[in-house]
Amino acid sequence: MSLYFDAVAVLTAPASGGSFKSRIYSARNLRAAPAQIYALITEASKWDTVLAEVIEKADILNLERKLTPLLALLLVHDHLLAKKGIAAPATHWLRQAVERHKVRLKAEFTKARVRRGCGSVEQLKSAILRQKREADGSSQFVYPRWVRVNNIRSTLEDQLRTTFADYQRVDSLMALAPDDEGKNKQKLLYLDPHIPDLVAVPYGADFTSSPAYKSGEIILQDKASCFPAYLLLGDRGPADPWQGDLVDGCAAPGNKTTHMASLVAKQKQKTRKRIFCMDASKLRSKTLQKMVTLAGADPTVTVLQGQDFLALDPLDERFQEVSGLLLDPSCSGSGIIGRDDFPQLTLPQANVPKVKPQGKKRKRQADDQDDAGEQSKVTVEAPTASPSDENDIPSGALDDDRLTKLSNLQARIVEHALSFPAATHVTYSTCSIHLIENEAVVARILASEVAQRRGWRLLRRDEQPEGLRKWKHRGVRRDRENGESDVTPAEVDLPGDALEACLRCWTGDAEGLGGFFVAGFVRDAQSEDKTSPKVKRSNTVHDETTEKDDAEEDDDNDDDDDDDEWDGFSD
Ligand SMILES: C[S@@+](CC[C@H](N)C(=O)[O-])C[C@H]1O[C@@H](n2cnc3c(N)ncnc32)[C@H](O)[C@@H]1O
């Protein structure tokens, strides 16, 4: 019986981040085995719509007042579908509360199956899973696990021969979708047509204990996150290597830095290129250093730990050769796919008219916890940040004010990058879907004094690397409706070719990605720069007080009064 109270407690505990499984396994004060709780919830969530319907039609919640909707759903699941029935002694009140109605429940379950035209319980299971996937739109797309091969330590060919030796190649992303039972297919592999050295496998594939992952030969990095480094460094090879050094200004945990290093390694240059990377957060910088070392990029990459990019002096002689800069600053994270796999159960409702066809989806209620004093007191711990967690998502509500502050900071960061004396290529990216952080920032940058003075322009679609030229999702002129009441949809006045130059990724389409934005800026190295070094310097050097605040605020999570400053990183 503690199993059911524990399951209710897990489902009603405040959200704490991390995967559903990790939240159960890290929960305190559970009496039942975590594996048993996990199995009960996942199984019950596959059947929730039918169970809610059966419970409502059998009127159990009105007849058994001590049962909450959630408790009833879990118990009726085991009563009707678990081999051994309800896991409680025959005399326990929970079991009796359900078994008293066994004839009625069985009859309603049979009617639910017949109504759906299913001859067996197995058929019914497949039918409801299909129905669920169609209802939430997930039958139309698939979120795979993306794996990038690190050219410093390996090659795609090597990995296909070793790590993926027993994987079968498929020619569409959809082939990686879970089956009708919701189970992830195993050992299938799709070679990405846009990003070199990137493959997709079914989402459930776990590489964390594989030798290739542990040795940094492969890196788990979402496809969209691979756009910026590829847009910057392109398809260059030994015949046409990158000229100059590189900077990643907002680098932790280091996915894009190590991707840059991997692309540089592919060029097999005779003279070693330097990549400077930094992060204002000292804490995240430690992960950055670990990722760089794991990727074998130490000889090329210098990590400036806790360094605020805005405080970097472009005229410092260390950066005189810097020709390319990648900027992926803090953003709202509004494009991130809910990796939260926490089941949202459709619950039965009490006191509904008997003719009501189906239970409505509603949020788990606080009162689901008040059940006869046997409720477990569960605390679910947030797991520690993983190195692959590349997004520093701000806490707090997202509204126009926050987006404006973010976009001010984003524009400042990119404009600072445009002032490096030898810079000819800059990329700007976010994992936000909001135009104000994306195309609007691009418009501001193009209109900025530094861009005009130094002749910066957008990298046109026809100049982009081959894979990205083929990418069809481009910049937008106005925000898509997203139902967020606190954010006013924005518009931007950019010409068509500028929008074509911007690349977008969206959630919920056939590409299997989260929301993402990237644009590249270029200038002719010979462009005349009419201002004197003195003026340039005063434009770029950052006030020391702000530098300190910027660098420390994410470690301390301090608030800051400066309108342009982003007030908090979640490490
Ligand atoms: C979206 S994350 C970067 C993810 C990273 N590019 C990757 O692919 O792994 C943004 C990072 O920028 C850092 N950041 C924000 N403002 C910064 C600044 N002014 N200087 C340096 N780092 C900054 C944050 O601490 C955060 O780690």
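Note that ligands are numbered from 1 as they come in the structure, with each ligand's atoms numbered from 1 the same way.
Checked against a 3.5 angstrom limit, the closest N/O atoms of Gly254 and ligand 1 fall inside it. For ligand 1, the polar-atom distance check against Ala280 finds a nitrogen or oxygen pair separated by under 3.5 Å. Note: an N/O pair closer than 3.5 Å links Cys250 and ligand 1 by distance alone. Below 3.5 Å of separation, one finds an N or O of Phe309 facing an N or O of ligand 1.
If you look at Arg284 next to ligand 1, the close heavy atoms, those under 4.0 Å, all belong to the side chain.
Shown in contact with Asp328 at under 4.0 Å from a heavy atom are these atoms of ligand 1, numbered in order with element: 1 (C), 2 (S), 3 (C), 4 (C), 5 (C), 6 (N), 8 (O), 10 (C). For ligand 1, the atoms closer than 4.0 angstrom to any heavy atom of Gly249 are 20 (N), 21 (C), 22 (N). Under a 4.0 Å criterion applied to the non-hydrogen atoms of Lys256, ligand 1 contributes the atoms 6 (N), 7 (C), 8 (O). Under a 4.0 Å criterion applied to the non-hydrogen atoms of Asn255, ligand 1 contributes the atoms 7 (C), 8 (O), 9 (O). Set against the non-hydrogen atoms of Ala251, the atoms of ligand 1 under 4.0 Å away are 5 (C), 6 (N), 7 (C), 9 (O). Distances below 4.0 Å separate heavy atoms of Asp308 from the following atoms of ligand 1: 18 (C), 19 (N), 20 (N).
With a 4.5 Å cut-off on side-chain heavy atoms, Asp197 and Lys266 count as touching. Using a 4.5 Å heavy-atom threshold, the side chains of Trp506 and Arg504 count as touching.
Checking Ser285 against Asp279 by side-chain atom types alone, no donor-acceptor pair falls below 3.5 Å. Gln289 and Thr293 share a donor-acceptor pair across their side chains, judged by distance under 3.5 Å alone. A side-chain donor from one of Ser432 and Glu437 sits under 3.5 Å from a side-chain acceptor of the other. Residues Asn438 and Thr430 bring a donor and an acceptor atom of their side chains to less than 3.5 Å of each other.
A donor-acceptor contact shorter than 3.5 Å is absent between the side chain of Asn255 and the backbone of Gln221.
Judged by the shortest distance from any of its heavy atoms, Gln307 lies inside the 4.0 Å radius around the atoms of ligand 1.
Using a 4.0 Å cut-off between a side-chain N of Lys or Arg and a carboxylate O of Asp or Glu, Glu511 and Lys472 qualify as a salt bridge.
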